[in-house]
Protein chains: 2
Amino acid sequence: MMNHASTRRPQRRALETRARLIEAAIGEFAEKGFEGASTGEIASRAGVAQSAVPYHFGTKDLLWKAAGEGLFGLLRERLGARLAGLDGVDVLTTARLLLTEFVRFAAAHPELHRFMLQEGTGPSERLEWLVAKHVVPMASVLEGVFQGIESLGGPSPGPMTHVFYVLIGAVSTPYALAPQVRLATGEDPFSEDYIEAHTEMMLRLFIPSLPDSDG
Amino acid sequence: MMNHASTRRPQRRALETRARLIEAAIGEFAEKGFEGASTGEIASRAGVAQSAVPYHFGTKDLLWKAAGEGLFGLLRERLGARLAGLDGVDVLTTARLLLTEFVRFAAAHPELHRFMLQEGTGPSERLEWLVAKHVVPMASVLEGVFQGIESLGGPSPGPMTHVFYVLIGAVSTPYALAPQVRLATGEDPFSEDYIEAHTEMMLRLFIPSLPDSDG
DNA sequence: AGCTAAATTAATCGAATGATGAACCACGCC
DNA sequence: GGCGTGGTTCATCATTCGATTAATTTAGCT
C-alpha cells in the first residue's frame with residue numbers, strides 16, 4: 001500500500017493517478033453507494049489498472065474516505081473563500097451570500113449530497129467518520145452565522161440543528177435527483193435559469209426579510 | 001418463476017413469503033441501493049432460502065419493481081384516504097392537511113425517499129419505470145391541489161415542478177438521513193416532538209398564510 | 001549514465017453474488 | 001384421503017468482486 005516512509009520524492013505521475021482515482025471514486029460512490037461501486041470500475045474510469053487502487057489506498061474503505069476528504073475539501077475551500085471576503089459585512093447579507101454560494105456549489109457538485117445520502121442510510125463506521133471529521137465542523141461554522149440572524153429578531157425558522165437538514169434537503173434534492181427531475185418535469189436543474197430560480201426560492205424560504213433590509 | 005397461468009388457488013403461505021420478501025427487499029434496497037443489496041440477504045431477512053427470490057419474482061430487477069410497487073402503494077393508500085375525507089374542504093386547509101399527512105408518512109416510511117434517492121442518481125431503465133409508473137401520476141394529483149392555492153392569490157413559492165422537489169427534499173431529508181441526524185445533533189427525528197416541530201416548520205415554509213385564514 | 005526505489009500492471013485467489021435445476025415437501029382439489 | 005401441482009430448499013454454476021503477489025516499467029537520485 002505504498003508504505004514508503006522513505007526519502008524519495010513521489011513521482012508526478014503517481015500524484016496524478018491518485019487524483020484521478022479519487023475523482024473517479026467520488027463519481028462512482030455518489031452514484032452507486034459504497035457497496036454498489038466497484039474498484040474495477042473506478043480504476044477503469046480513471047484509466048488505470050484495478051490493482052492500482054489497493055496500491056494507492058490500501059483498501060476500498062480508505063479510498064472512500066479519501067473521496068470524502070476530497071469532496072468536503074472542495075466545499076470548505078469554496079465557502080471559506082466566500083466567507084473570507086465578507087469580514088465586517090452585516091449578518092443578513094452574509095447569510096444571503098453564503099446560501100447563494102451553497103446553492104451554486106450544490107449545482108456544481110451534486111456528488112456531495114449524493115455521497116452523504118448513500119452513507120447516511122444506516123449506522124456504519126464510515127458514517128461516524130464522516131460526521132465527526134466533516135459534518136460537525138461544517139455545521140458549527142454555519143451555526144455562528146445563523147445565530148447572528150436570530151439575534152436580529154427576525155422570524156427564525158427554528159432551531160439550528162433542525163433547520164440545517166431541512167435546508168440541505170431543500171437546496172440539494174433537485175440536484176441529487178437531477179436525472180429524475182429531468183425525466184419527470186423536462187426541466188434541467190443545471191441550467192442557469194433553474195439555478196437562479198432555485199437560489200431565489202431558497203433565499204425567500206430561509207432568509208427572513210426584515211422590514212427595512214429588502215432590496 | 002411461477003409461470004402458472006393455472007387454475008389452482010395460490011397457497012396462503014406463498015402469499016406470505018411473497019409479502020415478507022417484498023418488505024425485506026424494500027428495506028435492503030433503500031439501505032444499500034439496487035447493486036449493493038443482495039438477494040441472499042433479502043431472503044435471509046425474510047426467513048426463506050435465496051432461491052425463493054428467483055422463484056417468486058424471476059429476477060432481482062423484478063423484485064425491485066415489486067418493492068417499488070409496494071412502497072408507492074402505501075403512499076397512495078395513505079394520501080388517498082386523507083383526500084377522500086376532504087371533499088368540499090377549502091384548498092388551503094386541504095393543502096395543510098395533505099402536507100401534514102405527507103410529513104407523517106415520511107417519518108413512518110423513510111424507505112420511500114431512500115428508495116427513490118438510490119435510483120435517482122443515474123439514468124436507468126428502473127428510473128424510467130419509477131417515474132412513468134408512480135412519480136408522474138403522484139405529481140399530477142398534487143398539482144391540482146397546489147394550483148388551487150395559487151388561484152387564491154396567496155404568495156406562491158414558485159412553479160409547481162420546482163416546488164415539488166424542494167418540498168420533498170425539505171420534508172424527507174431529516175428522515176432519509178436519520179442515522180446521520182442522530183449522530184450529528186443527538187436528536188431523534190422519529191420522536192413525536194421532532195415530527196410535530198417538523199410538520200410545523202414545513203407548514204410555515206410552504207403553505208402561504210393568507211391574512212385572514214390564520215388559526 | 002546507472003542504481004534503486006517507486007509505480008503500474010498482469011495473473012491469480014478466495015469469497016460472494018444471482019441464477020438454474022433437481023430433489024423434496026405441503027397443501028388445494030376432487 | 002390420496003393425487004398432483006405449487007412451493008421450498010439444496011447443491012451447484014458462471015461471474016464478479018476486492019485483495020495479494022510477482023513481474024515489469026518508470027523515474028528520482030547521485
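Just so it is clear, the structure is predicted and the values come from calculations on it, not from any experiment. A note on names: the letters A, B, ... follow the listed sequences, proteins ahead of strands, and every chain is numbered from 1.
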Considering only heavy side-chain atoms of Thr39(A), the closest of dT20(C), dA19(D), dT8(D) is dA19(D)
Return the minimal non-hydrogen interatomic distance between Gly120(B) and Leu127(B), and the atom names on each side.
CA-CD1, 4.2 Å
If I take atom CD from residue Glu111(A) and atom CG from residue Leu71(A), how far apart are they, to the nearest 0.5 angstrom?
6.5 Å
Phe105(A)/Arg82(A) under side chain to side chain contact (heavy atoms under 4.5 Å, CB included): CA gap, chis, key distance, verdict
CA-CA 12 Å; Phe105(A) 184 87; Arg82(A) 209 16 171 153; over 6 Å; no
To the nearest Å, give me how far apart CG (Asp61(B)) and C1' (dT17(C)) are.
15 Å
Distance, rounded to the nearest Å, where Leu15(B) contributes CG and dT8(D) contributes P:
9 Å
Measure the distance from NZ on Lys60(B) to P on dT20(C) and round it to the nearest whole Å.
14 Å
Candidate pair Glu28(B) and Lys32(B), rule side chain to side chain contact (heavy atoms under 4.5 Å, CB included), full reasoning:
CA-CA 6 Å; Glu28(B) 285 293 307; Lys32(B) 309 178 187 170; 3.1 Å; yes
Near-strand residues of residues 20-33 of chain B, defined as heavy-atom separation under 4.0 angstrom from DNA chain D:
none
Test side chain to side chain contact (heavy atoms under 4.5 Å, CB included) on Phe34(A) and Gln118(A) and set out the steps.
CA-CA 7 Å; Phe34(A) 180 78; Gln118(A) 294 282 8; over 6 Å; no
Rounded to whole Å, please give me the gap between CD in Glu41(A) and P in dC17(D).
8 Å
Short side-chain N/O contact from His56(A) to OP1 or OP2 of dA6(C), under 4.0 Å
no
Can you tell me how far the CD atom of Glu16(B) sits from the CG atom of Leu21(B), to the nearest 0.5 Å?
11.5 Å
Can you confirm if the aromatic rings of Tyr175(B) and His109(B) lie within a centre distance of less than 6.0 Å?
no
Derivation and outcome, side-chain hydrogen bond (donor to acceptor under 3.5 Å, both in side chains), residues Glu31(A) and Thr121(B):
CA-CA 5 Å; Glu31(A) 273 182 32; Thr121(B) 60; 5.8 Å; no
Think Tyr55(B) has a side-chain N or O under 4.0 angstrom from the OP1 or OP2 of dG7(D)?
yes
Is the closest side-chain donor-acceptor distance between Glu187(B) and His162(A) under 3.5 Å?
no
May I ask you to say what Val48(B) touches in the nucleic acid, namely base, sugar-phosphate or nothing, with a heavy-atom cut-off under 4.0 Å?
sugar-phosphate
So if I take every side-chain heavy atom of Ser38(B) and compare against dA19(C), dT8(C), dT17(C), which nucleotide ends up nearest?
dT17(C)
Taking the minimum atom-to-atom distance to the side chain of Ala52(B), which one of dT9(D), dA7(C), dA26(C) wins?
dT9(D)
Using atom CZ of Phe57(B) as one end and atom C1' of dT8(D) as the other, report the distance to the nearest whole Å.
14 Å
Find the distance Arg13(B):CZ to dT8(D):C1' and express it as a whole number of Å.
7 Å
Base, sugar-phosphate, or nothing for Ala43(B), non-hydrogen atoms under 4.0 angstrom?
nothing
Is there any protein nitrogen or oxygen under 3.5 Å from a nitrogen or oxygen in nucleotides 10-13 of chain C, and what are the pairs?
residue : atom : partner  : partner atom : Å
dA10(C) : N6   : Ser51(A) : OG           : 3.2

In whole angstroms, how far is the C1' atom of dT8(C) from the CD atom of Glu16(A)?
14 Å
Tell me: CZ of Arg18(A) to C1' of dT8(C), nearest whole Å?
15 Å
What are the two closest non-hydrogen atoms of Gly169(B) and Thr173(A), and how far apart are they?
CA-OG1, 3.0 Å
